[in-house]
Amino acid sequence: MIIRTRFAPSPTGSLHIGGARTAIFNWLFTRHNDGKFILRIEDTDRARSTEESIEEILDALSWLGLDWDEGPYRQSERIPIYERHVQKLLNEGKAYKCYCTPEQIEAKRKEAQKQGKIYRYEGTCRNLKSEPEGAPYAIRIMTPDEGQIEVEDKTRGKITFDAKEIDDFVIQKTDGFPTYNFAVVVDDAEMEITHIIRGDDHLANSPKQVLIYQALSYEIPQIAHVSTILGSDKSKLSKRHGATSVVAYRESGYLPEALINYLARLGWSYGDQELFSKEELIDKFTLENVGKSPAIFNPEKLLWLNGWYIRNKPASEIAELVIPLIKNKGFQVELDSKLIKIVENLRERVKTLSDIVNSADYFFTDEIKYDDKAKNRFLTSESLPIFEKLIQKLSKPDEFTVEGLQVIFQEIIDESGLKLVNIAQPTRVALTGGTVSPGIFEVMEILGKDTVTKRINNAIYYIKSNN
Ligand code: GLU
């Protein structure tokens with residue numbers, strides 16, 4: 001048997017962390033089993049589905065590296081297929097036309113609500129003697145009035161629902177479009193899906209779907225519901241807990257590797273192991289290790305993983321990724337050994353790509369803005385002799401490398417009796433505008449002799465004109 005899975009997003013918004021996790025589980029399970037991963041856009045909610053959302057979802061999946069083998073199918077392009085199935089059920093007397101108007105249904109729903117009951121369609125149109133000519137209708141499936149409906153769930157075991165709980169629900173709306181439950185079942189059957197892995201917010205739909213499978217005489221695929229992702233306060237993950245869309249993470253400088261690694265571990269585990277490459281995840285992922293209990297989203301851990309990937313990916317790849325971010329800030333930059341060195345030096349202390357970009361304007365522009373505190377403390381007449389000495393020594397044709405610079409600084413220490421920090425901090429302010437940067441020798445080497453000389457001279461000028 002070839003394993004066939006699907007990811008079936010409704011394009012009514014961005015791809016969220018929860019949806020991405022569902023996609024990741026399906027993808028890993030499929031790749032682990034050499035199966036086929038199918039992408040299906042569930043756009044039958046015509047009012048809420050948008051093209052932008054479809055594009056954003058596809059983009060986010062591609063960015064995460066979750067490639068699909070078939071699709072994207074679109075439910076809106078498959079209407080005749082659903083109609084054919086509805087017709088089959090009508091012909092077999094397993095479904096019927098319902099002429100009740102939305103107003104009538106709404107009134108009954110309100111009435112039930114008043115009595116503290118949940119409204120269930122009472123089957124008014126089940127056995128109509130005559131059908132109103134030309135009136136709009138929906139189509140409902142006939143469901144059993146009693147008995148049990150069993151859902152065999154791979155992560156939770158057998159779950160039983162009381163048939164009384166389920167009314168004759170609509171399978172085709174008045175506009176001719178199928179309802180969600182109907183389209184899902186027809187598609188999963190037609191696309192020969194063998195395993196359905198999805199969020200447990202769909203658990204309540206499962207008995208309805210089981211009834212549709214049975215009515216259509218289709219085999220029910222294996223179903224695994226994975227637990228909802230919760231925020232740290234144990235409530236459903238939402239905007240309140242920070243960014244929830246995949247795109248927002250991409251834009252804030254997260255790497256797809258980090259998101260995949262983090263989300264794969266939300267609800268699935270392999271001992272205590274935290275770090276997994278994609279290949280390793282594919283190798284180790286099984287449904288047996290998917291847990292039942294809700295997974296808590298921990299942004300700190302994701303951030304930590306992101307920092308780990310930033311430090312451990314080849315620096316040239318990180319450099320390539322930060323180029324657009326740097327250009328966005330209006331700076332010129334290209335992929336060269338200077339940029340790679342900048343990345344190598346900055347990435348030790350950052351957690352996102354944006355951190356790299358936001359902490360290092362001084363590498364990309366000569367317009368150094370002195371931080372107020374830093375300049376008051378370090379760009380003073382006391383620093384003047386240090387800077388002058390530095391300029392004098394830098395003019396020698398020594399090699400402008402970390403080692404060469406160390407020698408120069410040592411000479412200044414020996415001649416002035418100052419400590420390294422007393423020389424390094426004013427220099428740092430002169431070169432970067434602030435008091436925090438990678439090692440001063442590394443910064444100098446990257447900036448190069450001309451820039452360093454120019455900036456030290458600027459600092460001298462600043463001190464002379466402000467003191
Ligand atoms: N389209 C549904 C959603 O976006 C998923 C349906 C399913 O997985 O069965 O939530």
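All ligand and atom numbering here is 1-based and tracks the order in the structure. This structure is a prediction, so every number in the text was calculated from the model and none was measured. The basis for the numbers below is simple: all heavy atoms, side chains too, and nothing from hydrogens, waters or symmetry mates.
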Does the gap between the ring centers of [X] and [Y] come in under 6.0 Å?
| X | Y | answer |
| --- | --- | --- |
| F37 | F29 | no |
| H202 | Y180 | yes |
| F25 | F285 | yes |
| Y99 | Y137 | yes |

Test: R126 and D145 ion pair at under 4.0 Å: yes
Present, as a list of atom pairs with distances to 0.1 Å, all nitrogen or oxygen contacts under 3.5 Å between ligand 1 and the protein.
unit_1: ligand 1; atom_1: 1 (N); unit_2: A8; atom_2: O; d: 2.7
unit_1: ligand 1; atom_1: 1 (N); unit_2: S10; atom_2: OG; d: 2.9
unit_1: ligand 1; atom_1: 1 (N); unit_2: E42; atom_2: OE1; d: 2.5
unit_1: ligand 1; atom_1: 4 (O); unit_2: S10; atom_2: N; d: 3.1
unit_1: ligand 1; atom_1: 4 (O); unit_2: S10; atom_2: OG; d: 3.1
unit_1: ligand 1; atom_1: 8 (O); unit_2: R6; atom_2: NH1; d: 2.7
unit_1: ligand 1; atom_1: 9 (O); unit_2: R6; atom_2: NH2; d: 2.9
unit_1: ligand 1; atom_1: 9 (O); unit_2: Y180; atom_2: OH; d: 3.1
unit_1: ligand 1; atom_1: 9 (O); unit_2: R198; atom_2: NH1; d: 2.8
unit_1: ligand 1; atom_1: 10 (O); unit_2: H202; atom_2: NE2; d: 2.8

W308 side chain near N261 side chain, heavy-atom distance below 4.5 Å: no
